[in-house]
Amino acid sequence: MKQTISYLQRVEGMWQSIVPKKFLLMSLACLTAFALNADPLLANPSQPVVYVAPIEGVIDLGLAPFVQRVLDEATAAGAKAVILEINTFGGRVDAAVLIRDALLESKIPTVAFINKRAISAGALISLASGKIVMAEGSTIGAATPVQIGLPGTPAQPVEEKTVSYMRKEFRATAEQRNRPPLIAEAMVDADVEIPDLIEKSKLLTLTTKEALQVNIADFQANSLEAVLQSLNLADAEIVYASETWAESLVRFLTHPVVSSLLMTVGILGIMLEMRVPGFGVPGAIGLMCLSLFFWGHGLVQLAGLEEFLLVGLGLILVGLEIFVIPGFGMAGILGILALMGGLGLSLIGTGASWDSMLSALGQVALSILVAIIATLILLRYFPRLPFGKRLILETNLQAQEGYESSPAEDHRWLGKQGLAVSDLHPSGIARFDGERVDVVSDGTFIDAGQPLKVVRIDGNRVVVQLALPPSEQDTV
C-alpha cells in the first residue's frame with residue numbers, strides 16, 4: 001500500500017514538472033464550463049437587446065398583429081425592452097384596444113417614445129406602455145371617438161355610450177400603469193374638468209412639458225439614443241422591427257377603400273357567373289376577391305366562420321331566387337340581408353358603436369348596389385364590345401334549316417285555351433284538353449282558375465295570357 005502511494009506521488013511530481021500549474025487550472029475551468037453548457041470564451045455577460053417598432057400613420061387593425069409579433073419575438077429573445085416610436089394622429093378604436101391589451105399583458109418592459117404626437121388611438125397605446133418618453137415639442141391626448149362620414153364630409157360625433165366606453169378604457173389603462181386616471185379621462189370626454197389644467201367643454205391635449213408636470217410622461221428625450229441612455233441601456237444592441245410582406249398585405253386588404261372594392265368586385269363576379277352559365281373568369285375573380293377579403297379580415301380577428309357562413313348562405317339564397325324560385329320574394333330578400341350582415345360584421349370589431357355598425361352596413365349596401373348596377377351594364381353592353389364579340393357565338397340556328405328550339409309536341413298547344421291550375425307568378429301550371437302543362441305568363445300575374453290562352457311557344461316555354469270570356473270579347 002505504501003509502495004503504491006509512493007509511486008503515485010512520484011508520478012504526480014513528474015506531471016507537475018512537465019505541465020505548468022496555470023495550464024492545469026485553465027483546463028479545469030474549461031471542463032467545468034463545458035459541463036455547465038457555458039461558453040468558456042465569454043467572460044462577460046451577453047450584450048442587452050432592445051427592440052424598436054414604429055407606430056406611424058393610421059392605427060388600423062393590421063397594426064395589431066405586428067405589435068403582438070414584436071412583443072412575442074422580444075420576449076423569446078430575452079430583450080430588455082420594447083420601444084414603440086409613436087407618431088400618429090390616431091385611427092380605429094378596436095385596433096387601439098387590441099394593441100392596448102397586448103401591451104398590458106406583455107411580460108417584457110415596454111416604452112412609448114412619442115416623437116412628435118400621440119393623438120387619439122395613439123394616446124391609448126402610449127398610456128398602455130410601461131413608460132412614456134416624449135420628445136421636445138410633442139403632444140398626447142385629444143382622444144374623443146368620432147364617426148368618419150362620407151369622403152369630403154367632416155367627422156361626426158358619436159353617441160354617449162361610445163364616449164363612456166372609451167373614457168373608462170383610458171381610466172382603467174391609466175390606473176393599471178399608475179398614472180393619473182382623471183387626466184386620462186379628460187383626454188376622451190370634454191365634460192371632465194380638472195382645475196388649473198382643463199376647463200369643462202374642452203378636450204385635453206398635453207405638451208411634453210405639461211405631460212411631465214402631471215406625471216403622464218416619465219422623462220423627456222429627443223432621440224432614441226437619449227431614450228436608451230435614460231433607461232441605462234446605452235450599450236444595448238438595437239433590433240429594428242419592420243412589417244413582413246404578409247403584415248403589409250393584411251393592412252392593405254383591411255383598408256376601408258380596398259375592402260369595399262374587394263366586396264364590390266367579388267359580388268359582381270359571382271353575379272355575372274350566375275347569369276352566364278359555366279364556371280369561368282368572372283366567378284374565379286369574384287371568389288378570389290371575397291377570399292382575400294375574408295382572409296385579411298380573419299387575420300385581424302374581425303371575420304370568422306360565422307360571417308363566412310352567413311355570406312355563403314346569402315349567396316345560396318340569391319342563387320335560388322334567380323334560378324329556382326320564380327319572381328323575387330322572401331328568398332331574395334333574406335339572401336341580400338344575409339350578405340349585408342355577414343360582410344358588415346366583418347368590418348366592425350371590439351367596442352364598435354351603433355353608428356359604426358350603421359356605417360359598416362351602409363358600406364356593404366353601397367358595394368352591393370354598385371355590383372348590381374355594374375352587372376346590368378355589363379350584361380347589356382359587354383356583347384357589343386370588341387372583346388365581348390369574340391367570346392359570344394352570334395351564329396343563328398334557323399328553323400328553316402331544320403333546327404328546332406322547342407319540343408315539337410309543344411306546338412300543338414299554340415292557340416289552345418284552358419284554365420290556370422296554380423297562380424302564375426309568372427310561371428305555374430295550366431290545364432289544356434285535360435293535360436297539365438308547365439306555362440309562363442306574358443308578364444302579368446294570373447290567379448288560379450282564370451281562363452288562359454297560349455299565345456306563343458318561346459323555346460321550351462309555353463307562353464300564355466289571360467283569355468277574355470266570350471261575352472267580353474263581343475263587347476270589345
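Note that these values count all heavy atoms, side chains included, but never hydrogens, waters or copies made by symmetry.
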Is there a side-chain contact between [X] and [Y] (heavy atoms, below 4.5 Å)?
| X | Y | value |
| --- | --- | --- |
| P48 | D235 | yes |
| M187 | L206 | yes |
| M134 | I114 | yes |
| L231 | F219 | yes |
| E185 | L204 | no |
| L233 | V227 | no |
| S230 | V133 | no |
| V93 | L124 | no |

Derivation of the side chain to side chain contact (heavy atoms under 4.5 Å, CB included) call for I83 and L228: CA-CA 9 Å; I83 299 177; L228 294 173; 3.8 Å; yes

Interatomic distance, [X] atom [atom1] to [Y] atom [atom2] [nearest 0.5 angstrom]:
| X | Y | atom1 | atom2 | value |
| --- | --- | --- | --- | --- |
| D94 | I59 | CG | CD1 | 11.5 Å |
| M263 | L292 | CE | CG | 13.5 Å |
| I99 | I125 | CD1 | CD1 | 4.0 Å |
| I140 | T207 | CD1 | OG1 | 11.0 Å |
| I446 | S422 | CD1 | OG | 10.5 Å |
| T264 | L366 | OG1 | CG | 7.0 Å |

Residues N232, K80; criterion side chain to side chain contact (heavy atoms under 4.5 Å, CB included); working and verdict: CA-CA 10 Å; N232 296 321; K80 294 298 182 181; over 6 Å; no

Working for side chain to side chain contact (heavy atoms under 4.5 Å, CB included), residues S120 and F89: CA-CA 6 Å; S120 191; F89 285 103; over 6 Å; no

Grab the two heavy atoms, one from [X] and one from [Y], that are nearest each other, plus how far apart they are.
| X | Y | result |
| --- | --- | --- |
| A74 | V82 | CB-CG2, 3.4 Å |
| S126 | I86 | OG-CD1, 3.3 Å |
| T139 | I119 | OG1-CD1, 3.7 Å |

V111 vs S129, side chain to side chain contact (heavy atoms under 4.5 Å, CB included): CA-CA, chis, key distance, verdict: CA-CA 6 Å; V111 180; S129 302; 5.9 Å; no

Exceeds 12 heavy-atom contacts within 6.0 angstrom, atom CD of E175: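 Yes - once you tally the heavy atoms of other residues, nucleotides and ligands closer than 6.0 Å, there are more than 12.
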
D218/R179 salt bridge by N-O under 4.0 Å criterion: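 The answer is yes: the pair qualifies as a salt bridge.
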
